[in-house]
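Numbered from 1 within each chain, the chains take letters A, B, ... in sequence-line order.
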Amino acid sequence: MDTASLLVFISLGVLTLVPALFVVNSRSIVHAGFWLLPCFLGVAGLYAALEAHFFFVTQLLIYAGAILVLVLFALMLTRNAMNPTESQSNRLKPVAALVCTAFAAGSTFILVKHPWAITTDTPKPAGVQTEALGNALIQNYAVPFEVASLLLLAALIGAIVLAKSDRGPVPEPAPLADLTSGTAGGE
Amino acid sequence: MTDYRPLAPYALLTILALAVALLGTVPAARRSGALGWITAIGAGLALFISSQSPEATPWLGMLRLDAFSKACNVIFLAALAIISIASTAEEHRTAFAGEFYALLTLSTVGLMLMGASGGLLTMYLGLELSTIALFALAGFSKREKRSAEAALKLLILGSVASAVVLYGASIVYGVLGTTQFFEMSAAMSHPHAAGASAALYFGITFIVAGLAFKVAAVPFHLWAPDVYEGAPSLVTAFLSTASKAGGFAALLRFLGSVQVPEDRTISTLLIVLSAISMIVGNLSALSQKNFKRMLGYSGVAQSGYILTALAAGSATSKTISSALMYLLLYAFTNVAAFLVAQAIHDATGSDQISALRGLHRRRPTLAFCAVVVMFSLGGIPPLAGFVGKLYLFTAAWDGGQRCLVLIGALTSVAALYYYLMVVRQIYLLDPEDDRKITVAPAIVMAISLCTAAILAIGIYPRPFVTMGEAAASAVQVTSVAHQREAAPVVAASDVSSPHLRP
């Protein structure tokens with residue numbers, strides 16, 4: 001890897017990881033939501049650096065665009081989703097930090113030592129890559145692709161079950177008050 | 001041309017899940033308990049189709065529908081059917097009966113995919129599908145805070161475990177350049193491969209650790225007692241049997257078909273997991289007062305027993321067949337145990353072991369079934385638990401894990417103590433309240449089915465051993481034909497990562 005691409009990689013890494021730290025550490029969940037934006041952009045940049053054009057575009061459009069807006073809307077419509085005065089961690093924080101640092105050091109050591117196979121081929125042009133990806137998704141990778149849709153279905157049903165309150169066997173029409181005070185978790 | 005017939009059970013269950021979710025909106029269907037019966041019949045039908053369908057490896061080995069996946073399907077579908085029958089008794093309590101069965105069925109589809117996975121990608125998606133459905137199921141009792149706590153714990157820890165599996169899978173893919181199990185073996189045995197490098201073991205360790213979470217092996221067990229206790233007993237019955245069997249199915253598939261050269265690292269890992277699971281699980285169970293919590297710790301210990309066989313080497317067919325047979329009988333035993341917990345909870349409102357006091361006077365049939373279950377868990381002949389444990393420990397002994405077998409035998413004695421304490425409550429103590437308790441007929445039926453299965457496997461285990469042996473030889477197939485067939489997948493996988501090539 002030459003110096004220029006190393007610099008690009010490091011700066012993109014910083015752009016991804018520093019906002020990610022803010023996401024988990026912000027006391028306000030809305031702030032955390034906003035910090036996701038630079039984080040997603042950093043990941044998009046990493047895809048661009050790998051010349052994975054299709055992933056770059058989808059990351060921008062779907063994550064940084066659609067999903068982030070959806071997350072922020074959901075947060076703003078939900079009251080008291082998180083208490084900004086409560087701490088985000090408990091007394092085990094130093095121990096956890098120590099373990100994580102040791103682990104990061106160990107894994108870096110192992111992964112850096114490995115003789116990774118790196119090709120010097122020039123990547124295929126964007127159109128060819130996307131076409132091959134599309135073919136793979138409906139041919140060899142058809143099962144994982146379809147299972148992903150089942151997974152989303154299960155997540156959807158599960159989210160509805162958890163968010164709605166259970167009124168027993170015969171559901172009555174939901175009173176209006178419930179729509180405004182509906183925090184996640186129902187009752 | 002791909003032969004799609006072997007996929008019929010998977011398609012049938014998916015349609016079943018959608019159908020019960022839709023039928024759940026019909027008030028009449030909800031009131032009559034019909035949804036549970038539809039699910040149970042659907043599961044039975046899928047089981048029949050699965051046993052009759054031809055073997056295939058569609059999509060160039062992405063899925064492997066063979067004797068092993070069929071044997072796993074028996075475990076998952078039997079658990080689904082029995083739990084659905086028992087759930088009919090509780091259907092009237094919730095407005096989400098349709099969603100309950102839909103999630104249970106979708107989770108089963110995920111588990112079946114884990115058993116049938118031919119590569120890391122299918123395995124991971126199966127794992128996620130089964131776990132995501134279980135997050136919601138664990139939180140199904142809306143009126144109980146413990147249930148919400150169980151759902152949240154499972155969600156957070158389960159997500160971490162999934163991330164760990166993915167991280168490991170990404171490293172293994174980076175080292176070997178493929179996600180398909182057969183090609184992995186080929187890549188590792190390649191003379192120029194950097195096969196047995198530290199990075200590869202590092203990745204495999206991560207995958208094993210993530211799956212160890214799914215089977216609740218120490219030290220990845222901390223969620224189990226809390227979630228088992230908080231989740232509704234019907235869900236716990238599924239979580240502690242089918243879901244655990246799914247984790248083991250994936251482990252057996254992965255370790256059985258990917259033959260790591262000189263796999264001392266992996267077997268050491270499994271030995272440690274097994275030994276501490278047996279010790280910590282059994283010792284923690286000794287002091288429990290809550291029946292479900294005690295069963296949770298006992299489940300941790302049972303995972304340890306199964307891991308003894310895995311530690312003895314995933315290459316021997318005895319290992320795989322004994323583990324599968326144990327998972328099958330454990331499914332019947334533990335489902336019955338949690339259904340007893342559900343019945344007692346319905347009758348007395350308590351989950352404590354003391355709530356079982358004098359059950360032989362209050363409900364003799366239930367007391368008998370509960371005692372059979374406890375003796376089977378404790379491994380007393382002639383019940384299924386004894387045969388299964390004997391087979392497991394023989395496999396481990398033959399594989400050279402004598403020390404583990406000794407630990408297993410010693411901790412089994414300790415385990416017998418807490419199982420017999422339950423029996424003592426049921427038979428030797430007189431009830432404080434002599435009145436008969438009522439148990440829903442559906443639950444009685446489900447428990448009786450399980451008890452019959454425990455007795456049947458214990459007395460005549462031959463067909464189940466045969467099934468396990470067929471499954472074992474299916475896992476170990478590393479035919480040249482298969483590798484030739486699977487070769488084009490390498491070309492396709494280059495797409496997702498143009499810069500990495502082995």
With a 3.5 Å distance limit and no angle check, can you tell me whether [X] reaches the backbone of [Y] through a side-chain donor-acceptor pair?
X: B/Thr94; Y: B/Glu91; result: no
X: A/Trp116; Y: A/Leu111; result: yes
X: A/Asn140; Y: A/Ala136; result: no

Hey, what's the ring geometry for B/Tyr167 with B/Phe202, parallel, tilted or perpendicular (30° and 60° as the breaks)?
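Answer is perpendicular, since the angle exceeds 60°.
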[atom2] on [Y] to [atom1] on [X], rounded to 0.5 Å:
X: A/Thr130; Y: A/Asn135; atom1: OG1; atom2: CG; result: 11.0 Å
X: A/Tyr47; Y: A/His53; atom1: OH; atom2: NE2; result: 14.5 Å
X: B/Arg253; Y: B/Ser69; atom1: CZ; atom2: OG; result: 6.0 Å
X: B/Met184; Y: B/Tyr173; atom1: CE; atom2: OH; result: 10.5 Å
X: A/Leu72; Y: A/Phe34; atom1: CG; atom2: CZ; result: 5.0 Å
X: A/Leu17; Y: A/Cys39; atom1: CG; atom2: SG; result: 7.5 Å

Considering only heavy atoms, give the residues of residues 149-157 of chain B separated from chain A by less than 4.5 Å, sorted numerically, with 'none' for an empty result.
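Contacts with chain A: none.
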Toward chain A: residues of residues 99-112 of chain B with heavy atoms under 4.5 Å
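Residues of residues 99-112 of chain B touching chain A at under 4.5 Å: B/Glu99, B/Ala102, B/Leu103, B/Leu106, B/Val109.
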Can you check side-chain contact (heavy atoms from CB on, under 4.5 Å) on A/Leu46 and A/Phe9, steps first, answer last?
CA-CA 7 Å; A/Leu46 285 173; A/Phe9 176 75; 3.8 Å; yes
Pair up each side-chain donor or acceptor in residues 57-69 of chain A with any protein partner under 3.5 Å, not counting sequence neighbours, and list the distances.
unit_1  : atom_1 : unit_2  : atom_2 : d
A/Thr58 : OG1    : A/Phe54 : O      : 2.9
A/Thr58 : OG1    : A/Phe55 : O      : 3.0
A/Gln59 : NE2    : A/Phe40 : O      : 3.2

At a heavy-atom separation under 4.5 Å, does [X] approach chain A through its side chain, its backbone, both, or neither?
X: B/Leu18; result: side chain
X: B/Ala199; result: both
X: B/Ile171; result: both

Between B/Thr122, B/Leu7, B/Leu121, which has the largest tally of heavy atom pairs under 4.5 Å with chain A?
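Going by pairs under 4.5 Å, I would pick B/Leu121.
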Could you have a look at A/Pro144, A/Gly158, A/Gly106 and say which one has the most heavy-atom pairs with chain B under 4.5 angstrom?
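Of the options given, most contacts go to A/Pro144.
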Only pairs of heavy atoms separated by less than 4.5 Å count here; which of A/Ser107, A/Ala148, A/Ala155 has the most with chain B?
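Option with the greatest count: A/Ser107.
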Engaged part of A/Gln139 at the chain B interface, taking heavy atoms whose separation is under 4.5 Å:
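Backbone only.
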Counting only non-hydrogen atoms closer than 4.5 Å, can you tell me which residues of residues 93-105 of chain A sit against chain B?
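Residues A/Phe103 are the ones that qualify, each having a heavy atom under 4.5 Å from chain B.
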Run A/Phe22 and A/His31 through side-chain contact (heavy atoms from CB on, under 4.5 Å) and show every step you take.
CA-CA 9 Å; A/Phe22 278 101; A/His31 291 175; over 6 Å; no
Is there side-chain contact between B/Arg64 and B/Phe182, with heavy atoms separated by less than 4.5 Å?
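Yes - at least one pair of side-chain heavy atoms lies under 4.5 Å apart.
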Where do B/Leu35 and B/Leu23 land on the side-chain contact (heavy atoms from CB on, under 4.5 Å) test, with the steps shown first?
CA-CA 7 Å; B/Leu35 293 172; B/Leu23 279 174; 3.6 Å; yes
Applying side-chain contact (heavy atoms from CB on, under 4.5 Å), run through B/Thr57 and B/Leu63 and close with a yes or a no.
CA-CA 6 Å; B/Thr57 48; B/Leu63 275 185; over 6 Å; no
